[in-house]
Structures are given as C-alpha cells and as structure tokens.
Number of protein chains: 2
Amino acid sequence: MLRAALRAFSGSGSASRQRLRPPACARVEIMALKQISSNKCFEGFQKVFEHDSIELKCKMRFGIYLPPKAEIGKCPVLYWLSGLTCTEQNFITKSGFHQAAAEHGLIVVAPDTSPRGCNIEGEDESWDFGTGAGFYVDATEEPWKTNYRMYSYIKDESVSAFAPICNPVQCPWGKKAFGGYLGSDLMKWEAYDATHLVKSYPDSHLDILIDQGKDDQFLSAGQLLPDNFIAACTERKIPVVFRLQQGYDHSYFFIATFVNDHIRHHAKYLNA
Amino acid sequence: MLRAALRAFSGSGSASRQRLRPPACARVEIMALKQISSNKCFEGFQKVFEHDSIELKCKMRFGIYLPPKAEIGKCPVLYWLSGLTCTEQNFITKSGFHQAAAEHGLIVVAPDTSPRGCNIEGEDESWDFGTGAGFYVDATEEPWKTNYRMYSYIKDESVSAFAPICNPVQCPWGKKAFGGYLGSDLMKWEAYDATHLVKSYPDSHLDILIDQGKDDQFLSAGQLLPDNFIAACTERKIPVVFRLQQGYDHSYFFIATFVNDHIRHHAKYLNA
C-alpha cells in the first residue's frame with residue numbers, strides 16, 4: 001500500500017506532488033500525505049511525510065529522497081527497510097546515502113519499522129518486539145493482528161542487505177517475534193525467513209550483496225546466522241556476494257562506509 | 001586544554017593510546033580519557049571519549065575520528081565546532097564527513113558545545129543559551145563564569161564555516177548570550193565577534209570558505225549577518241569565498257552536501 005502511494009512520485013516525476021493519484025491496475029485509494037519536513041540535500045530533497053495507513057490503522061511516517069533527476073523525469077524507487085529500534089529517521093540522517101542516490105538518480109524510501117501509538121498492551125515493553133520491531137510480518141495473533149501488518153504495508157524488492165537476520169526461525173529475536181506475532185505454527189514462520197524462502201525461490205537470477213561486520217555483537221550472539229543463508233543459496237546455486245568486513249560492527253558507521261556500494265548495486269538494475 | 005590532550009593522538013600516531021602525555025612546551029596535565037564508544041568507519045575509527053575538564057570543572061565528551069593513516073603516522077587535526085543545541089554526536093552521526101577525512105588523512109575532533117550538568121540556575125531554560133549553547137566564550141559573569149569557559153577549552157584554528165553567526169554583537173542570539181555570559185561591556189563582546197576581529201587581523205593570508213543556505217530561516221531572521229563579515233573582509237582586502245546555496249536550509253542535510261568541499265579545503269593546508 002505504501003508502494004501504491006509512492007508510485008505517484010516516480011510516475012509523475014514531480015517532487016512537489018503531495019496528493020496521491022491511484023495507479024492504474026490497483027485498488028483505488030486516495031489519501032492525503034502531510035509533509036513533515038523537507039530539506040534540500042545534494043541538489044535533491046529529503047522529505048518526511050505522514051499519512052493514515054489503512055493497512056496498519058494508524059498514522060505512519062516515511063522518509064523519501066527525491067534526487068535532482070526526479071524534477072525532470074521518472075526515477076526508479078529503492079526501499080530501505082531499517083532494523084530493530086529504528087524509525088524513518090535513522091537511515092536518512094545517519095547513512096550518508098544521499099550523494100550516491102543523487103548521482104544514480106534513485107528515489108529512496110525509508111519507511112518506519114512498526115505501527116506506533118496503537119495502545120496495544122505490551123507494545124513498548126521491549127526494544128526487540130512491538131514498537132520499533134514490526135519484523136515486516138503480517139501478524140495473525142492477538143493483540144497484534146489488527147495493526148502489525150508490516151508485510152502488507154511494505155513488500156521488499158531490494159536484494160541487498162547490511163547485517164541481516166538471515167534465519168529468524170533459528171535465532172532468539174526471530175523466535176520471540178514470530179511466536180508473538182504469528183503463534184506456534186512453524187510453517188507461518190518460514191514464510192518470512194530468507195533462508196527458507198530461498199530454498200523454494202523459482203529461479204536463480206538473483207544478484208545478492210550482503211555486507212556483514214565481523215565485530216558485530218549480534219553476529220557472535222547467533223542472531224544473524226548468515227552461514228545458514230549462504231548454505232541454502234549454495235544448494236540452490238544462487239550466487240551471493242557476502243563481504244565479512246573486518247573490524248566493523250552493527251552501527252550506522254558501518255552502513256555509511258559501504259552504502260555507496262549498495263546504491264550502485266541497485267542502480268545497475270534499476271537504471272538498466 | 002582539549003587541544004593539549006589531543007596532541008597526544010596526532011603526535012603519537014597511535015589510534016589506541018588512551019592515556020595522554022603532556023606535549024612539550026605546555027603546562028603539565030595528565031588526565032584519563034574514558035572511551036565511551038568506538039566504531040570502525042571508512043577503515044578508521046570514530047571514537048567518543050569522556051574526560052574531566054579542569055577548565056570547565058565538569059565531565060566533557062568529544063568525538064574524534066582517527067583516519068586509517070593515523071595507524072602508521074602523524075596526521076593533522078581539524079576541529080569541528082558545532083552550533084546551538086548540538087552535542088558531540090550531531091556532526092559525527094549526521095554529516096557524512098568520514099569518507100573525505102579518511103581519504104585526506106585528517107583527524108577530526110568534534111567537541112561538545114557547552115558544559116553540562118553543572119546545576120547552574122537557568123542552564124536548561126532556553127535552547128539558545130546555557131546547555132548546548134556555550135558560544136565558545138569565557139564567561140565573566142555570575143553564575144556562568146566558573147564553568148562556561150569554552151573559549152579556553154577550545155581555540156579554533158579552522159577558517160571555514162557553515163552558516164556561521166558572523167556578527168553576534170548585532171544579532172538577537174549574540175546579544176542574549178554575550179549579555180548573559182560577558183555582561184554589558186561591548187569591548188568584551190567584540191573580542192568574540194568575527195566581523196570585529198577580522199578588522200584588526202594582523203595579515204591578509206587567510207583563505208576563508210563559507211557555505212550559507214539561501215533558505216536558512218536564521219539568515220532571513222537576521223541572526224547570521226554574513227554581509228557584515230564580508231564587508232569587513234573586503235575593507236581589509238581579505239579574500240572570502242562565500243557560497244550562497246540556493247534552496248538549502250540550516251540542517252545537517254545542507255552540511256552533508258558540502259562537507260567534502262570543506263574537508264578538502266582544510267586538507268590543502270594541513271597536509272601542505
């Protein structure tokens with residue numbers, strides 16, 4: 001649904017349009033976007049909008065960078081999905097992605113990571129579940145299933161990642177989140193697990209880039225499990241460029257160091 | 001004093017030294033630095049340290065970026081002095097300076113902008129005076145004069161600026177801060193005012209670079225007054241490169257856009 005809203009930007013090529021038109025071939029939804037902020041950056045504009053999400057039944061904010069090329073023509077859209085504890089602000093203020101996005105003419109959308117302020121019991125009790133930790137799943141369990149529908153809110157087309165939780169059904173974060181949002185049916189868990197999904201991916205035409213800090217405390221804590229993902233890819237003969245970066249941790253300092261490589265990676269396909 | 005502490009970094013060329021040796025020709029002060037954080041970034045390290053400041057009589061934090069070159073040799077030090085409301089975090093997390101500093105082999109120090117937690121009456125009452133707004137002056141008035149000695153804590157050698165308060169004795173921010181910290185003697189105010197200082201600067205061998213957003217709300221509000229500074233430089237035949245950047249505001253998005261130019265500007269002299 002967020003994507004339908006955003007198509008108006010890439011389709012119109014106008015950085016100033018703030019009322020959305022429904023795309024062809026999509027259900028008709030007219031919604032108002034309220035501009036929260038707009039800052040010129042590398043000749044484009046970093047904006048933040050708020051809208052009423054029908055899917056999540058609450059107000060949601062997202063960041064959108066409109067490169068200078070968006071003033072004169074269509075640009076492809078790249079989605080950045082942030083991790084635990086983040087809002088729409090972290091990536092846009094800390095990653096330093098703007099220069100590369102301006103250069104390659106990519107619109108970059110950074111959504112929030114969960115519904116907020118829904119007054120669900122327990123939503124603010126822990127940093128790795130509830131507010132700031134939607135896990136991009138459609139919850140099926142009470143009390144989460146009404147609002148926590150981040151999968152439907154955002155569908156990810158981007159195939160590159162920084163320090164991803166590669167195999168959530170096997171790690172403590174994933175077990176907590178999937179148990180809470182999805183209940184005890186393991187089949188439902190696997191539908192959101194990259195290592196399981198890649199095993200049944202219909203073709204091998206993927207170009208996956210993963211950067212992982214070697215000193216990332218969540219790697220050594222067994223939360224990320226990239227080896228399991230790589231093994232699944234190897235079995236399916238899907239190539240993965242996995243870069244274990246010596247000395248780097250899980251912070252935005254790590255992301256800023258390699259973000260240009262990721263923007264370039266996506267631009268190669270999006271501008272093809 | 002902060003500089004004396006930091007000289008140990010540039011002098012030793014060691015990124016891991018955390019206890020400071022007194023430089024030659026300086027008063028002897030041995031102080032302990034407590035490392036708060038360390039993150040690898042563009043092959044160097046962004047660190048934050050805390051120390052007991054003798055000058056300010058409180059604990060102070062500063063950010064320091066050690067470029068990869070600091071592992072093998074001496075590097076010059078560039079000081080970034082943040083503006084109102086900032087801590088040592090803003091520049092290091094939001095400006096995207098690391099890549100250029102790594103490339104040019106510059107150590108970059110980002111101090112905090114005021115003493116903190118001194119329990120001075122009124123220190124947290126406004127965002128443009130007191131905590132977060134030390135104005136880099138040595139206060140002479142009660143109750144500020146014991147702790148608010150930012151000028152002695154840091155002496156600025158950097159001659160480039162983003163949206164600076166060029167003529168504080170003429171603007172509301174400056175009148176409030178200087179009146180509070182320095183009292184009513186205008187001579188004392190002028191000692192901290194760039195427009196006045198440049199009039200008596202002993203030579204014209206300066207290379208000043210200023211970027212200013214044209215849509216900066218503080219420019220139109222008469223807080224920054226760059227015209228007065230430029231006029232004073234013109235009178236003294238001191239060249240200024242003043243770039244009025246169309247559409248840009250006062251945010252770190254503006255700074256990030258042009259920070260590479262400033263790093264290069266300083267590297268030209270510091271690496272000469």
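Model, not experiment: these values are computed from the prediction. Proteins come first, then strands; the chains are lettered A, B, ... in the order of their sequence lines, and each starts at number 1. Side chains are part of it too, since the values below use all heavy atoms of this structure and drop only hydrogens, waters and symmetry mates.
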Is chain A contacted by the side chain of [X], its backbone, both, or neither, given a heavy-atom distance below 4.5 Å?
| X | value |
| --- | --- |
| B:D249 | side chain |
| B:S37 | neither |
| B:Y252 | neither |
| B:Q245 | neither |
| B:N260 | side chain |

**Prompt:** So, do B:F97 and B:W80 have ring centers that fall under 6.0 Å from each other?
**Reply:** no

**Asked** Of the listed residues (A:G96, A:G247, A:A102), which shares the most heavy-atom pairs with chain B below a 4.5 Å separation?
**Response**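 Sorted descending by pairs with chain B, the first entry is A:G247.
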
**Message:** Heavy-atom pairs under 4.5 Å with chain B: which of A:I255, A:T93, A:D215 has the most?
**Reply:** A:T93

**Message:** Using the rule given for side-chain contact (heavy atoms from CB on, under 4.5 Å), can you reason through A:I64 versus A:F49, listing the C-alpha separation, both sets of side-chain angles and the distance that settles it, and then say yes or no?
**Reply:** CA-CA 8 Å; A:I64 181 165; A:F49 288 100; 3.7 Å; yes

**Item:** Contacting moiety of A:S95, where chain B heavy atoms sit under 4.5 Å
**Value:**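 Neither part, no heavy atoms under 4.5 Å.
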
**Prompt:** With no hydrogens and no angle check, do the side chains of B:Q46 and B:H98 hold a donor and an acceptor under 3.5 Å apart?
**Reply:** yes

**Request:** May I ask you to check whether over 12 heavy atoms, not counting those of A:E125, lie within 6.0 Å of atom CD?
**Result:** no

**Request:** Locate the shortest heavy-atom distance separating A:F91 from A:S82; write the atom from each residue and the value.
**Result:**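 Result for this residue pair: CB-OG, 4.2 Å.
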
**Message:** How close do B:G132 and B:S114 get, counting heavy atoms only, and between which atoms?
**Reply:** N-OG, 2.8 Å

